[in-house]
Amino acid sequence: MENMDDRVAPGLHHNEPPIEARIRADHEELFARVEDLIASAARAPETITDDDTAGQVQDLIRMARVADKSLEATMKVEYEPHQATVSLIRALFKKPRDALDKAIAPIKARHEDYLQKKRRAEEARLAEEARKKREEAEAAIKAAAEAEARRLAAERAKAEAERQAAEAQARREREEQLAREAKERAIAAEAARKQAEVEQRARENAYAEAAAKHEAEEADREAERQAHAAKMAALQAETDKAKAEAAAAKAGALQALEDRRAQEELARQAGSGAREAGRAERASMGDAEASDKRAAKYDRQAGGHLGDKARTRSDMGSVGTLASRWTYRVETPAMVPLERLRGYIAADAIEAAIHRFMRDNMEMIKQQPKCLPGVVFEQVEEARVL
C-alpha cells in the first residue's frame with residue numbers, strides 16, 4: 001500500500017491522459033486494493049480441501065464484491081460532473097445546428113421540388129420523343145407491310161401472266177397442230193383428186209377404145225361419169241373444207257402467237273413491278289427497323305437513371321440532383337416475420353429477450369423447461385457469500 005508502483009508493471013500507466021492520471025491519484029487506495037485482490041485471486045488454490053481454505057476463499061469473494069461496488073460508486077461520482085459538461089456541450093452545439101437545419105430545410109424543399117419538376121419535365125420530353133419515334137416506327141412497319149402486299153400482288157400478277165402465257169402457248173401449239181393436220185388432209189385430198197383424174201382419163205381411154213365394140217356400155221359409162229362427177233364434187237368440197245380449216249387454223253395460230261407475245265409482255269411488266277415492289281419493300285423494312293431502333297433508344301432514355309433527368313450544376317461547382325434510396329417503416333410489429341430476420345439479430349439481443357421471457361414465465365418454465373424451442377431452462381446451484 002505504501003508504494004503502488006511495486007505492484008504495477010513498469011509502463012502500465014505511461015502516457016495516460018491527465019484526467020486518468022488525476023483519477024488514479026485521487027483513488028490510489030481503491031485501485032491498489034483491487035490489484036491486491038486480483039493478485040490474491042491468482043494465488044488461490046486450484047482445489048479447496050478444507051474449511052479454513054474455503055473460509056479464506058469466501059472472504060476473498062466478499063472483499064472483491066465490496067471492491068466492485070466501490071469501483072462502481074466511485075465511477076458514478078467521477079462521471080457525474082463530466083456528464084453535465086457533455087450535456088452542456090451538446091446543448092451549446094444543438095441550438096445553432098437546429099437553427100441552421102430550420103433555415104436550410106425550406107430551401108432544401110424548394111430545391112428538391114425544382115429537381116422533381118425538372119425530372120418530370122425531362123421524363124415527359126423523353127416519353128413524347130419515344131412516342132413520336134414509336135409512331136414513326138409503326139408507320140414504317142405499316143409502309144413495309146403495304147410494300148410487302150404490293151410485292152405479293154405483283155408476284156401473283158406475274159404468276160397469272162405466266163400462266164396465261166403458258167395457256168396461250170399451249171393453244172398456239174394446238175392450233176399449229178390442227179393447221180398441220182388440216183394441211184395434210186388437204187394435200188391428201190388433192191392427191192386423191194389428181195389420182196382420180198388420172199384414173200378417169202385411163203378409163204375414158206379404155207372406154208373410147210371399146211366404144212366401137214360395145215355401144216351398149218355407153219349407158220354404163222354415162223352413169224359412171226355421173227358418179228365420178230359426184231365423187232369429184234365431194235372431193236372438191238372436202239378439199240375446200242380442208243383449205244378453210246387450214247386457213248382457220250393458221251389464223252388461230254397467229255392469234256395464239258399474238259396472245260402469247262402479249263402475255264409475255266404482261267409477265268415482263270409484272271416481273272418488273274415485282275422487282276420494284278421488292279426493292280420498295282426492302283427499303284421500307286430498312287426504314288422501319290431504323291425507326292424501331294430509334295424508338296427503343298428513346299424508350300431507354302425515358303426510363304433512364306433518375307439523377308440524369310434533374311442534374312443541375314452551379315457556378316461554384318456544386319451539383320444538385322435526385323437520388324433514390326430504400327428505407328422502411330414498421331406498420332404492424334406483431335406481423336414482422338422474425339424467422340426471416342434471425343440472421344440479422346445480434347446474439348446479445350436474443351439472450352436479453354430470452355432473459356425477459358424467463359423472468360415473465362417462471363411458472364410455465366418450472367413445468368416445461370423446454371417450452372421455448374432451442375433453449376433449455378435449468379435450475380443451477382451457486383455459492384453465495386453473505
Side-chain angles (χ1 to χ4, degrees), residues 1-91 93 338-339 341-386:
M1 296 295 295
E2 290 78 6
N3 189 355
M4 190 172 63
D5 291 338
D6 293 339
R7 298 182 298 272
V8 179
L12 183 63
H13 306 298
H14 183 63
N15 292 330
E16 291 178 338
I19 188 171
E20 185 174 349
R22 195 272 300 168
I23 291 174
R24 285 188 174 277
D26 289 349
H27 305 284
E28 179 180 3
E29 183 178 353
L30 175 60
F31 285 111
R33 185 163 72 251
V34 170
E35 291 181 5
D36 285 341
L37 291 172
I38 293 173
S40 297
R43 294 192 299 269
E46 294 292 334
T47 304
I48 298 175
T49 58
D50 53 58
D51 288 348
D52 290 339
T53 304
Q56 294 175 4
V57 168
Q58 67 190 32
D59 288 341
L60 178 61
I61 294 172
R62 185 172 181 275
M63 286 187 291
R65 186 172 63 195
V66 172
D68 181 65
K69 290 185 179 295
S70 297
L71 285 171
E72 182 179 10
T74 303
M75 179 188 68
K76 291 181 179 179
V77 170
E78 290 290 344
Y79 177 79
E80 188 63 32
H82 296 291
Q83 184 178 16
T85 302
V86 169
S87 299
L88 178 63
I89 292 172
R90 286 179 177 173
F93 284 93
L338 297 180
E339 281 302 321
L341 299 177
R342 177 175 297 277
Y344 305 95
I345 301 176
D348 55 352
I350 295 176
E351 291 188 1
I354 294 172
H355 180 77
R356 289 193 294 271
F357 176 85
M358 180 180 68
R359 183 189 60 196
D360 296 340
N361 299 276
M362 279 306 304
E363 294 302 323
M364 179 178 66
I365 291 173
K366 289 177 181 179
Q367 300 297 325
Q368 300 179 9
K370 295 184 178 180
C371 60
L372 189 62
V375 179
V376 177
F377 294 99
E378 57 186 1
Q379 188 175 15
V380 298
E381 295 181 353
E382 60 182 4
R384 292 186 180 179
V385 178
L386 305 176

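- Here T74 pairs with nothing under the side chain to side chain donor-acceptor pair (under 3.5 Å) rule; sequence neighbours left out.
- One finds a salt bridge joining R342 and E339 here, because a Lys/Arg side-chain nitrogen approaches an Asp/Glu carboxylate oxygen to under 4.0 Å.
- Atom CG of N361 sits about 13.0 Å away from atom CD of Q367, to the nearest 0.5 Å.
- Within 6.0 Å of atom NE2 in H355, 12 or fewer heavy atoms from other residues, nucleotides or ligands are found, so the atom counts as exposed in its surroundings.
- A pairwise comparison of heavy atoms in A67 and L30 identifies O-CD1, 4.4 Å as the closest pair.
- The structure places CG of D26 at 10.0 Å from CZ of F31, a figure rounded to the nearest 0.5 Å.
- T53 has its side chain within reach of P45: a pair of non-hydrogen atoms, C-beta onward, lies under 4.5 Å apart.
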For residues 56-65, dump all side-chain donor-acceptor pairs below 3.5 Å to protein atoms at least two apart in sequence or in another chain.
| unit_1 | atom_1 | unit_2 | atom_2 | d |
| --- | --- | --- | --- | --- |
| R65 | NH1 | V385 | O | 2.7 |
| R65 | NH2 | V385 | O | 2.6 |

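- Partner of H27 under the side chain to side chain donor-acceptor pair (under 3.5 Å) criterion, out of R33, R22, E78: E78 alone.
- At least one side-chain heavy atom of K366 sits under 4.5 Å from a side-chain heavy atom of M362.
- By the 6.0 Å contact criterion, CG on D360 is enclosed, its count of non-hydrogen atoms from other residues, nucleotides or ligands being greater than 12.
- Put simply, CD1 on I38 and CZ on R43 are 11.5 Å apart, with the number rounded to the nearest 0.5 Å.
- Distance check: L372 CG to M364 CE gives 8.0 Å after rounding to the nearest 0.5 Å.
- Annotation: the span from D51 atom CG to I48 atom CD1 amounts to 10.5 Å, rounded to 0.5 Å.
- In terms of heavy-atom proximity, I365 sits nearest to M358 at CD1-CA, 3.4 Å.
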